[in-house]
There are 2 protein chains.
Amino acid sequence: MNAQALTCSTCQDGDPCAPCELANPDDAADTVSSRRRVRRGEALFREGDPCLDFLAVRSGMFKTVITGPDGHEHVTGFQLAGDVLGLDGLAQERHASRAIALEDSEVVVLPLHGAGRRDPGQLGRLLPRLIGRELVRKQKLNLLLASMNAQQRLASFLLNLSRRLQVRGYSPAEFHLRMSRADIGSYLGLQLETVSRTFSSLQRRGLIAVQTRHVVLRDRAALLRMFDEIPSG
Amino acid sequence: MNAQALTCSTCQDGDPCAPCELANPDDAADTVSSRRRVRRGEALFREGDPCLDFLAVRSGMFKTVITGPDGHEHVTGFQLAGDVLGLDGLAQERHASRAIALEDSEVVVLPLHGAGRRDPGQLGRLLPRLIGRELVRKQKLNLLLASMNAQQRLASFLLNLSRRLQVRGYSPAEFHLRMSRADIGSYLGLQLETVSRTFSSLQRRGLIAVQTRHVVLRDRAALLRMFDEIPSG
DNA sequence: CGTATGGTTGACGATAATCAAACGTCGTGG
DNA sequence: CCACGACGTTTGATTATCGTCAACCATACG
């Protein structure tokens with residue numbers, strides 16, 4: 001009944017909520033151990049790599065990918081500047097996913113066991129909260145994958161991206177997609193052709209304007225209304 | 001290419017992996033603050049409830065549920081004895097989901113800020129690992145929801161449940177489902193009719209035997225082989 | 001005994017997957 | 001500079017899977 005219960009202050013719509021994790025990645029760690037540049041297409045880490053620290057995106061954008069039992073690849077998320085990467089590595093102290101830069105990017109390495117356990121620092125205190133958010137987000141993505149149609153999924157994706165860009169000071173109405181249709185499809189559980197068709201459909205209906213990777217959100221209200229459907233129960 | 005990279009030692013198949021979290025919930029906390037009994041159908045906590053501690057199942061079984069933007073409910077997981085509940089509440093110090101007992105159950109309350117921050121105790125040191133696992137599990141569920149068909153989803157579900165029961169000393173080949181077809185469907189992103197049909201189909205093929213909620217896994221190898229499909233790429 | 005809840009099965013239709021072709025863009029090398 | 005090839009995108013035609021609607025059964029419970 002109470003749909004609001006699940007939405008945080010910046011998240012009134014029905015999509016996986018991912019606001020800026022760390023306002024300024026540099027501030028988060030007491031000691032920024034190091035930085036690293038990653039070129040477009042390169043992997044920041046891979047499945048099985050030891051995970052002794054984790055990473056915050058300073059600039060650029062990443063996708064995280066896991067490999068299914070049949071060898072098929074699946075995109076589990078997209079990370080913008082300020083987002084934290086590699087939290088799933090906490091389970092085994094080995095990364096469970098692969099992170100690939102979608103453009104030339106820079107990351108900050110945040111040591112997990114930094115200054116010892118006595119003072120976990122800002123970061124240590126933040127950690128449960130960060131992971132909690134990640135968990136909530138994945139849960140919402142589960143909901144999306146389990147119960148939404150193609151249009152709702154794509155609308156959700158665009159609104160989510162829009163909000164995250166807005167938080168970072170970019171235009172929420174007009175932006176450039178850094179990922180391919182195949183990446184979006186993998187993330188949303190759709191084939192790339194379906195993603196393309198759904199883009200076209202939303203454009204015909206006047207809700208957005210698309211030209212390959214350039215997107216304009218024309219009717220945000222209508223996009224939000226796509227989640228008001230009558231409950232099937 | 002390397003599908004093994006994602007599977008832990010007790011998890012060779014392609015399903016969301018959820019082994020026993022805490023061998024003995026009583027041991028985990030330095031001080032078990034309290035216990036609580038919950039009757040079948042009752043909620044242990046609800047969305048928005050303050051989340052100051054979290055909970056481990058001592059006996060029985062739970063389902064966790066979130067509510068979508070359209071008011072539609074979605075099952076996010078099932079928790080057996082030893083599993084931890086309420087980790088998604090760490091994000092906001094308020095629960096993001098609702099936990100409902102599928103049978104008369106008992107839980108242990110584990111204080112988050114127990115004996116102060118100086119010594120977080122076993123539990124404190126375990127926490128990142130626990131949440132990490134949860135994250136990995138949700139990620140695998142995402143993969144399932146995004147890329148598997150009905151038969152694979154149900155097979156995955158049954159194999160997962162089987163392994164978790166085995167770890168707890170029950171028969172991995174024959175068990176009783178505590179949740180309804182609707183619950184399974186919600187969890188797997190299928191309609192309850194499809195769940196029912198898929199059960200029947202697996203039975204016709206000789207892979208399982210089902211009678212309402214009683215399940216026998218007849219051909220585990222064949223169930224596992226369902227994930228060897230040729231990658232579509 | 002009757003009602004309610006949950007499960008099975010059938011018929012049908014809709015949505016998205018698949019297969020296929022054509023087009024645009026970008027980067028490289030002739 | 002232009003030509004070529006690789007890659008990504010769009011669109012069409014067709015198919016398959018799953019969702020929807022509906023009827024019917026089984027079991028549990030008051």
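Throughout, a chain's letter reflects where its sequence line sits, starting with A, and its residues are numbered from 1.
Note: Phe175(B) and Tyr170(B) fail the aromatic proximity criterion, with ring centroids not under 6.0 Å apart.
Among the protein residues, Gly185(A) comes within range of no part of the nucleic acid, since none of its heavy atoms lies under 4.0 Å from any strand.
Summary for the helix from dC1(C)-dG30(D) to dG30(C)-dC1(D): the axes at its two ends, each from 5 pairs, differ by 30° when rounded to the nearest 10 degrees.
The nearest whole Å value for the distance from the CD atom in Gln191(B) to the C1' atom in dA14(C) is 13 Å. Between the P atom of dT18(C) and the CG atom of Asn149(B) lies a distance of 10 Å, rounded to the nearest Å. For the pair Met148(A) CE and dT15(C) P, the computed distance is 17 Å after rounding to whole Å. Rounded to a whole Å, the CG atom of Leu190(A) is 15 Å from the P atom of dT9(D).
Donor-acceptor pairing under 3.5 Å is lacking for the side chains of Glu73(B) and Ser186(B). In this model, a donor atom of one side chain and an acceptor atom of the other lie less than 3.5 Å apart for Ser162(B) and Arg220(B).
Scanning both residues, Asp88(B) and Ser97(B), for their nearest heavy atoms gives OD2-OG, 2.9 Å.
Using a cutoff of 4.0 Å between basic side-chain nitrogens and carboxylate oxygens, Glu106(B) and Arg37(B) are scored as salt-bridged. Between Glu134(B) and Lys138(B) there is a salt bridge, since a side-chain N of the basic residue sits under 4.0 Å from a carboxylate O of the acidic one.
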Under 3.5 Å, which protein N or O atoms sit close to an N or O of nucleotides 5-9 of chain C? Give each pair with its distance.
from	atom 1	to	atom 2	distance (Å)
dG7(C)	OP1	Arg213(B)	NE	3.2
dG7(C)	OP1	Arg213(B)	NH2	3.3
dG7(C)	OP2	Arg181(B)	N	3.1
dT8(C)	OP1	Arg181(B)	NH2	3.1
dT8(C)	OP2	Arg181(B)	NE	2.7
dT8(C)	OP2	Arg181(B)	NH2	3.3
dT8(C)	OP2	Ser196(B)	OG	2.9
dT8(C)	O5'	Ser196(B)	OG	3.2
dT9(C)	OP2	Ser200(B)	OG	2.6

Scan the side chains in residues 204-217 of chain B for donor-acceptor partners under 3.5 Å anywhere in the protein, sequence neighbours excluded, and list what turns up.
from	atom 1	to	atom 2	distance (Å)
Arg205(B)	NH1	Gln151(B)	OE1	2.6
Arg213(B)	NH1	Arg178(B)	O	3.2
His214(B)	NE2	Glu174(B)	OE2	2.9

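The only option from Arg133(B), Arg168(B), Lys63(B) that meets the salt bridge (Lys or Arg N to Asp or Glu O under 4.0 Å) definition with Asp83(B) turns out to be Arg168(B).
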